[in-house]
There are 2 protein chains.
Amino acid sequence: MDVKTLCLGVLTTQDLTGYDIKRTCEEVFRHFFVAGFGSIYPALAELQRDGLVTATSVEQKKRPDKKVYRITDAGRAALEAELVATPPRHKVRSEFLALMYFAHLMPPERVDAVLAEMIESFENKLVDDLAVFDGPAAPLELTPGQRFALGYGRTVLTAALAYCKRHRPQLARRLRGEGADEADAAADLPREAANDAGPRPATLAGE
Amino acid sequence: MDVKTLCLGVLTTQDLTGYDIKRTCEEVFRHFFVAGFGSIYPALAELQRDGLVTATSVEQKKRPDKKVYRITDAGRAALEAELVATPPRHKVRSEFLALMYFAHLMPPERVDAVLAEMIESFENKLVDDLAVFDGPAAPLELTPGQRFALGYGRTVLTAALAYCKRHRPQLARRLRGEGADEADAAADLPREAANDAGPRPATLAGE
DNA sequence: TATAGCATGTAATCGGTTACATGATTCA
DNA sequence: TGAATCATGTAACCGATTACATGCTATA
């Protein structure tokens, strides 16, 4: 699945410009896909060339024309074919975790600063999420699938944030060479919980 | 941060062949980095060319020679410089979530099959994780940073798995067009919990 | 005055994936 | 017999990021 497929997908709901698609990506696909202008504009051009979308130039006062794209029947068919054929991969590329993994090779202050930065960024993302759900421009009707995907992002983000906050202090202490105390022992690798189903004791690969 | 940096990082602990590094990646970096032979071998060649690692050919009975790489002082310096300079990004690329987001454009059976596949893959990954921690080849001494990174992966995986399992049934029901019942309402977008700190009511960006 | 938002695009580069090429050993 | 493990590498391709290029408006 590439940026072209993503563009077709967002165009199933509304006609949009490349600029709009970029904004949509930032707002709703943020948890699982990144796409910049450099990939969106060429993708749209290619889709148009292949007859999967049509473009209409719209004049604007005091602005250059904008191109509004609309998906065609062929585009819908291509999208659906792509969706049934795409294997559900899920890839993470995290310099953050790589940095943490090599923490012992860095100055402790740097490690703590990195963690602080990530915690802040996670918190900001959660706030942004709320805006998407509840903000003034929030779409009142989300499909079940959209709710699933957005909820997934929120759940995972929340778990990640809690983990970072919980482990930051003892990581700092340990990197300074101080031994683990009882609080550490309790927070170490315990509770695989992290599911949102409440206080029951979690089983690992449980059903 | 690229594959070269990753190679330098794993070479700080032991001398390894390209093949070994690949295995290490699969086992311990799995949660946050992917690297295949096609990127590791060229990376090692380049590192050697730049004097950041040295290679020793080791003869083997009944096998072709293997090249064991060792990091140099220059390599260590370069790695440390890279680690303090690398911004802690964290990127997810998930065709799985994209598919879920466009669930309404797919046959419901396909959606459920995709979810089932992901649930299984998450469970397998968790089992593999256990092997890394507790298996026969488990390193007894993990640095605090390594424990942090591995624990992070485990926490997030567990949260993701629980989420998928909890939402699968109602997603299926909704896609078949049946209205939400009370159970759905309870499981909908509630409890941001998903932190591993127990049964207290979670606050969003709270501390 | 400077930054952010609106609006579109191209070109160079970079890095990674995939496929190809080889070949012995061991285990089921 | 076939698959998996060990072991290394190259070459083509592909897609995405980055920087470049342009230019007006509104807000701080």
Side-chain angles (χ1 to χ4, degrees), chain A residues 1-8 15-27 29-30 32-50 53 55-69 82 86-87 89-95 98 137, chain B residues 1-8 15-27 29-30 32-50 53 55-69 82 86-87 89-95 98 137:
Chain A
M1 175 168 324
D2 55 13
V3 177
K4 285 199 284 178
T5 313
L6 208 71
C7 289
L8 284 180
D15 300 344
L16 293 168
T17 65
Y19 195 87
D20 291 330
I21 291 175
K22 169 79 178 343
R23 250 202 295 100
T24 306
C25 285
E26 277 166 1
E27 280 164 16
F29 298 142
R30 191 167 31 100
F32 54 89
F33 220 101
V34 281
F37 290 123
S39 50
I40 289 173
Y41 284 124
L44 287 170
E46 227 178 302
L47 289 172
Q48 186 181 9
R49 194 201 59 192
D50 296 342
V53 302
T56 314
S57 270
V58 175
E59 294 174 51
Q60 295 187 113
K61 313 162 191 167
K62 309 190 175 182
R63 290 221 178 278
D65 286 7
K66 61 181 178 183
K67 276 192 199 171
V68 178
Y69 290 92
E82 173 88 21
T86 302
R89 282 184 301 188
H90 184 84
K91 220 182 290 186
V92 177
R93 168 73 171 247
S94 175
E95 347 270 352
Chain B
M1 176 170 322
D2 55 13
V3 177
K4 285 199 285 177
T5 313
L6 208 69
C7 289
L8 286 179
D15 299 344
L16 294 168
T17 65
Y19 195 87
D20 291 330
I21 291 175
K22 169 80 179 344
R23 253 204 291 99
T24 306
C25 284
E26 276 164 3
E27 281 164 15
F29 299 143
R30 190 167 31 102
F32 54 89
F33 221 100
V34 282
F37 290 126
S39 50
I40 289 173
Y41 284 124
L44 288 170
E46 227 178 302
L47 288 171
Q48 187 181 8
R49 195 201 58 194
D50 296 343
V53 302
T56 313
S57 269
V58 175
E59 294 174 52
Q60 295 187 110
K61 314 161 191 168
K62 311 190 174 185
R63 291 221 178 276
D65 287 8
K66 62 181 178 182
K67 276 193 198 169
V68 178
Y69 290 92
E82 174 88 21
T86 301
R89 282 183 302 188
H90 186 84
K91 220 182 290 184
V92 177
R93 167 74 171 246
S94 176
E95 347 269 353

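Chain naming here is simple, since letters A, B, ... match the order of the sequence lines and numbering starts at 1 in each.
- DNA chain D is contacted by both B/Lys91 and B/Lys67; B/Lys67 maps to the nucleotide lying nearer its 5′ end (nearest heavy atom per residue).
- Minimum heavy-atom separation, B/Lys4 to B/Asp50: NZ-OD2, 4.4 Å.
- Side-chain contact between A/His90 and B/Val92 is present, with heavy atoms from C-beta onward closer than 4.5 Å.
- Distance, A/Tyr41 OH to D/dA19 P: 18 Å, rounded to whole Å.
- Separating the CD1 atom of A/Ile21 from the P atom of D/dA16 is a distance of 14 Å, rounded to the nearest angstrom.
- Taking every nucleotide of DNA chain C with any atom under 4.0 Å from a non-hydrogen atom of chain A, the first and last of them, 5' to 3', are C/dG5 to C/dT18.
- Within the nucleic acid shown, B/Gly38 comes within 4.0 Å of at least one base atom, counting heavy atoms only.
- Under the side chain to side chain donor-acceptor pair (under 3.5 Å) criterion, B/Asp15 pairs with B/Arg70, not counting sequence neighbours.
- Geometrically, A/Arg93 does not engage B/Phe32 in a cation-pi contact, judged by NZ or CZ lying under 6.0 Å from the ring centre and within 45° of the ring axis.
- Although no hydrogens or angles enter the test, the distance criterion places no donor-acceptor pair under 3.5 Å between the side chain of A/Arg49 and the main chain of A/Ala45.
- As rounded to whole Å, 7 Å separates atom P of D/dG15 from atom NZ of A/Lys4.
- Note that CD of B/Glu82 and CG of B/Leu6 are 10.5 Å apart. Values are rounded to the nearest 0.5 Å.
- B/Asp2 contributes a side-chain N or O that, together with a main-chain N or O of B/Thr5, makes up a donor-acceptor pair within less than 3.5 Å.
- One atom, CD of B/Glu95, and another, C1' of D/dG15, lie 12 Å apart when rounded to the nearest Å.
- If you measure from atom NZ of A/Lys66 to atom P of D/dC24, you get 19 Å, rounded to the nearest angstrom.
- Remark: P of D/dG15 and CE of A/Met1 are 14 Å apart, rounded to the nearest angstrom.
- The distance from atom CD of B/Glu46 to atom P of D/dT10 is 12 Å, rounded to the nearest whole Å.
- Sequence order on DNA chain D of the closest nucleotides to B/Arg93 and B/Pro42 puts B/Pro42 first from the 5' end.
- Atom CG in B/Asp20 sits roughly 9 Å away from atom P in D/dC6 (whole-Å rounding).
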